[in-house]
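Taking it in order: structure first as structure tokens, then the write-up.
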2 protein chains.
Amino acid sequence: MKDVAAAAGVGLKTVSRVVNKESGVSPAMAARVRAVIDELGFRRNDSARLLRTGSTASVGLVLEDIGDPFSSALSRGVEAVAREHGCLLLTGSSAEDADRERELALALCARRVDGLVVVPAGGDHEYLLPEAASGLAVVFLDRPGAGIEADAVLSDNAGGARAGTAHLIAHGHPRIGFIGDLPHIHTCAERLRGYREAMRAAGLPVDERWIATGPTDPATVGRAVRRLLTGGPDGNGGPDPTAAERAAEPVTALFTANNRVTLAALQALAGLPARPALVGFDDLELAALLSPGLTVVAQDPEALGRTAARLLFDRLGHDTSPPRRVELPTRLIVRGSGEVPPA
Amino acid sequence: MKDVAAAAGVGLKTVSRVVNKESGVSPAMAARVRAVIDELGFRRNDSARLLRTGSTASVGLVLEDIGDPFSSALSRGVEAVAREHGCLLLTGSSAEDADRERELALALCARRVDGLVVVPAGGDHEYLLPEAASGLAVVFLDRPGAGIEADAVLSDNAGGARAGTAHLIAHGHPRIGFIGDLPHIHTCAERLRGYREAMRAAGLPVDERWIATGPTDPATVGRAVRRLLTGGPDGNGGPDPTAAERAAEPVTALFTANNRVTLAALQALAGLPARPALVGFDDLELAALLSPGLTVVAQDPEALGRTAARLLFDRLGHDTSPPRRVELPTRLIVRGSGEVPPA
DNA sequence: GCCGACCCTGACAACGTTGTCCAGCGCCGT
DNA sequence: ACGGCGCTGGACAACGTTGTCAGGGTCGGC
């Protein structure tokens, strides 16, 4: 900028005024300065600007896995709103690792983002307290945060799971398997709660061996699918080996608690002559094209992202009302998988 | 930091030393300073650090559409490598709009990223020349850039399309429709070239009305699918209305040139009793579970992203060799759609 | 016991920008 | 014609950090 001023033969502040479109510069002068800027290829250094002004016009987004279509849709929603506000979005992914989440969030804070949208991977967010105290706005997305008072935008996980499970029950399935993510993940726990509630509401017993939670890689999920459908031992090596060894009654339907699990389960079931009844949480792009079509409990991830971002910008606009928890409804999309008669 | 120094009763520089883990600070002093840092919740301001040191340890990624699974996979690859290098990744999406791409890239430059990976939306990247001149490393991804000498990492689009088309030809289809993206997009043009080459190599004529390029929304693609399969007029309102009105011979197979088109085409075909033969560019998560299974020309988007990021970090490591163009192979995954007999 | 050397610490300037303040000039009103 | 007001342009400090350099303290060696 100094060079530009020298080349144009004007003062430093005049160039600054032109760059910032401030009033108080004659059009002729402004044009001359702009010409020099283009000629020299000058670009304002936003870091220095931030240092001086204190505002960055950027917000951070910490995702769970940037490659997951669900996360992509979240980020699309967040980005759209950020863009409306003329804000740059900085995105990173935590790979479902608490340390990585922390590291990433703090790196974004060190860049002095104005606000942060976090899809929590870890169970503790106290590390954000000093940041929040010094003005950072935080909104949790998809799962609530812990250890800090902040807004959260969630889906109605329990309600959705209840509806999905009820759909299977209504189609005559008395024994329904639940396959979910790691049990400490909030969404999984809530969906499991919804499943239990639906079973209880229908007066159906739940055999704990019908519930499989753990990693969502295809191999693990495939094993869980086969075990639930054949009624084998639970393989968890629990404290009661005799119970673990005793075969459970095989289930006739499956509720898969997120898109990765659903996908892995479908792959595991691909070899079978007729697919058992299956309802999944999260819609899949091709769900309608499978035969039979796949019934799902659909979230609206883009709306989740948009809502979280709106909440964040409300906070940046000095909305100091107490933290809110927004819960977005889910939608049961019936595509006929429920109509498969029970075994 | 000043506050920390005051609270600890030490000099500013000593705090700086502790924060940067420089040697030359007695352990006792370091421990005291660290205690004060934790107590006050101090976090270094990386913007100021950047201003002083000139290096940001961050790279930018400009995607075409952050919500597209293909883009997600690209970014996963780039992020993995960035992380290996201890680098923060800043991501934005251009929504396939040249102005937005430019705006985003320049915003990232203003944040003084060390390097930039760009999936070009626009056809001109001269605007990056001044940035490159002042030390920015640039790598183009998925499509080459124009107006600037820079590395590019691409898939073998023409070769992949050739292989996919040849697969259909080998299964006895003499009339194959091509549905692609906007024709000015490099990947679409290359894939169309591959399609033409395969047809020519097999001695088959190509009716221009078999080729549909345009927006990839489901409605447009759906119309194209129906037109190609029934042999209706091309509807482009070209300069030769009589030719446009003359019905073309219906095609018996379709080559869809990217994941969005494939998806939209599958949706359009969902109502039909038997799906016409179809080969798509880009793999789909559920492609194997459709019946019949979907044959695709698969790219490896994560490898594309990783390769581009590696190239970028090579450049940041002062590799000054002339710009390279890396072309990654594609893989034909046969899943039986080609085995549908021609109509 | 004294001197030298080494290690640790702190003062200071500078990175590029913007906000504040002031000076100069032109125009308008009387 | 003169004075005042308003508008343009420039000098300067400050944002928070790090690199440079110099000074002080301590320990060891002679």
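Order of the sequence lines sets the chain letters (A, B, ...), proteins ahead of strands, with each chain counted from 1. Owing to the predicted nature of the structure, the values given are computational and were not obtained by experimental measurement.
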| message | Using a strict threshold of under 4.0 Å (side-chain N to carboxylate O), is an ion pair present between B:R260 and B:E64? | response | yes
| query | With sugar-phosphate meaning primed atoms plus P, OP1 and OP2, does A:V19 contact a base, only sugar-phosphate, or nothing at under 4.0 Å between heavy atoms? | reply | nothing
| message | Contact between B:V33 and B:I37 at the side-chain level, heavy atoms closer than 4.5 Å - yes or no? | response | yes
| query | Roughly, in whole Å, what's the span from CZ in A:R112 to P in C:dT17? | reply | 20 Å
| said: Rounded to whole Å, how long is the line connecting atom NZ of A:K21 with atom P of C:dT18? | reply: 12 Å
| request: Return the value, rounded to whole Å, for the distance between atom CG of A:N20 and atom C1' of C:dG19. | output: 11 Å
| remark: Rounded to whole Å, the CZ-C1' distance (B:R17 to D:dC21) equals 11 Å
| query | Taking atom P of C:dG16 as reference, at what distance in whole Å does atom CG of A:D3 sit? | reply | 9 Å
| query | Within the structure shown, what part of the strands sits under 4.0 Å from A:V25 by heavy-atom distance: base, sugar-phosphate, or nothing? | reply | sugar-phosphate
| query | Are any of A:S26's side-chain N or O atoms less than 4.0 Å away from OP1 or OP2 of D:dG9? | reply | yes
| message | Between C1' on C:dC15 and CZ on A:R52, what's the gap in Å once rounded to a whole number? | response | 14 Å
| Would you say A:T14 reaches D:dT8's phosphate, i.e. side-chain N/O to OP1/OP2 under 4.0 Å? | no
| query | What integer distance in Å separates B:K13:NZ from C:dA14:C1'? | reply | 13 Å
| task | Output the single nucleotide from D:dC15, C:dT17, D:dT18 whose closest atom is nearest the side chain of B:T53. | result | D:dT18
| field | Side-chain N,O (B:R44) to OP1/OP2 (D:dT18) below 4.0 Å | value | yes
| request: To the nearest Å, give me how far apart CG (A:L12) and C1' (D:dA13) are. | output: 13 Å
| query | Below 4.0 angstrom, N of the basic side chain to O of the carboxylate: do B:R83 and B:E79 qualify? | reply | no
| query | Do A:L328 and A:Q299 touch side chain to side chain, with heavy atoms closer than 4.5 Å? | reply | no
| request: Could you check B:E22 against B:L51 and say which one's nearest nucleotide on DNA chain D is further toward the 5' end? | output: B:L51
| Has B:R43 got more than 12 heavy atoms of other residues, nucleotides or ligands less than 6.0 Å from its CZ? | yes
